[in-house]
There are 2 protein chains.
Amino acid sequence: MLNINNIISKDYLSSKNIKPSFARIKIFEYLSNNHIHPTIDEIYHALIDEIPTLSKTTVYNTMKIFIDNKLVKLVSIEDTETRYDINVQIHGHFKCESCGKIYDFNVDLHNLLTDDLNGYNIHEKNIYFKGICNTCSNNSNTN
Amino acid sequence: MLNINNIISKDYLSSKNIKPSFARIKIFEYLSNNHIHPTIDEIYHALIDEIPTLSKTTVYNTMKIFIDNKLVKLVSIEDTETRYDINVQIHGHFKCESCGKIYDFNVDLHNLLTDDLNGYNIHEKNIYFKGICNTCSNNSNTN
DNA sequence: TTACAAGTTTGTAATGATTACAATTATATG
DNA sequence: CATATAATTGTAATCATTACAAACTTGTAA
């Protein structure tokens, strides 16, 4: 049942001081292969067939460990849904109000610092936009 | 019981097509006078002495109306707490991980647009940082 | 003033995400 | 193989938010 990806994920988790259990490897690989900023529920349903004994508590526990060890970042766009992002580089999120998809976009946050934060110790920068994505705009145009 | 602020708030709500009921005026004035990005709970507790019959449902209802009519903006920084901001101009938020306070800062988001969002229709821009604020940094230095 | 309609407020119950926790299961090591 | 340690699971508890129906207010018109 071992394969290259499995070994790589295993080693990667180990290198981050996370014991590479079966569930953790599978959850990590799901996040790596699906950059869709999933919710706990989406992760759970995506894996329940492959891991029939999986519980949501395990998904919660695992995401907490991943966040604490900076493997993933929490995405707070809507107050109603907590999402997770395997891409921990600084980048922006665009949430489409029509289809609900969240897109990544590149953004350079270096040159927008203001004097207002002089003396402040910044640990984390987040930026997100909302609107209508390209695809949804085009669909409504052709109606 | 009428005063200048009361009249102004009343007229302002009316001008936004919101019936200026007593609760709505008081909630609006609380937000105007306290730029602390309060939670529902904070608003409720701040006003319960003045409006003993106030219910949290009313605070929820009122905030929904204010948001729909663009008098306030929702602030999603933590997934665990929904906050509200009377300042609807584009600006950044800095949340201190030590004292929990949320500071406003000015930011010019015009020049950070990337090609990634060409064709996207942007309705709303949000930016927030996390870290340790000036005050908390200084306090820990003097220990 | 009174009656009425429309809108507002309230309290309670329902929902749904998240967390706490104890029991069970898996894993690694000697 | 035995044991200790850690991971996983299921259930119950918690907490914010929403749904909803009843009660209350307000403005208007007779």
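The figures that follow rest on heavy atoms only: side chains count, while hydrogens, waters and symmetry mates do not. Numbered from 1 within each chain, the chains take letters A, B, ... in sequence-line order.
One atom, CZ of Arg83(B), and another, C1' of dA16(D), lie 14 Å apart when rounded to the nearest Å. Look at CD1 on Ile65(A): it is 13 Å from P on dT19(C), rounded to the nearest Å. Straight-line distance from the CZ atom of Phe22(A) to the P atom of dA28(C): 14 Å, rounded to whole Å. Taking atom NZ of residue Lys19(B) and atom P of nucleotide dT9(C), one finds them 11 Å apart after rounding to whole Å. Atom CD of Glu78(A) and atom P of dT18(D) are 12 Å apart (whole Å). Following rounding to the nearest Å, Asp68(A) (CG) and dA7(D) (C1') show an atom-to-atom distance of 16 Å. Distance CD1 (Ile25(B)) to P (dT8(C)): 12 Å, rounded to an integer number of Å. Regarding Leu13(A), its CG atom lies at a distance of 15 Å from the P atom of dT27(C), rounded to whole Å.
Side chains of Tyr120(B) and Phe129(A) form no contact here, defined as non-hydrogen atoms less than 4.5 Å apart. Inter-residue side-chain proximity for His37(B) and Asp104(B) is flagged as met; some heavy-atom pair is nearer than 4.5 Å.
Listed for the Arg83(B) side chain is no donor-acceptor partner under 3.5 Å among the backbone atoms of Val75(B).
A donor-acceptor pair shorter than 3.5 Å can be found between the side chains of His93(B) and His91(B).
Of the two residues near DNA chain C, Thr62(B) and Asp79(B), the one whose nearest nucleotide lies more 5' is Thr62(B). Along DNA chain C, the nucleotide closest to Ser21(B) and the one closest to Thr82(A) are compared, and the more 5′ of them pairs with Ser21(B).
Contacts of residues 37-61 of chain B with DNA chain C (heavy atom under 4.0 Å): Thr53(B), Leu54(B), Ser55(B), Thr57(B), Thr58(B), Asn61(B).
Classification of Lys130(B) and Glu78(B) as a salt-bridged pair holds, one side-chain N sitting under 4.0 Å from a carboxylate O.
Minimum heavy-atom separation, Asp116(A) to Asn106(B): OD2-N, 2.6 Å.
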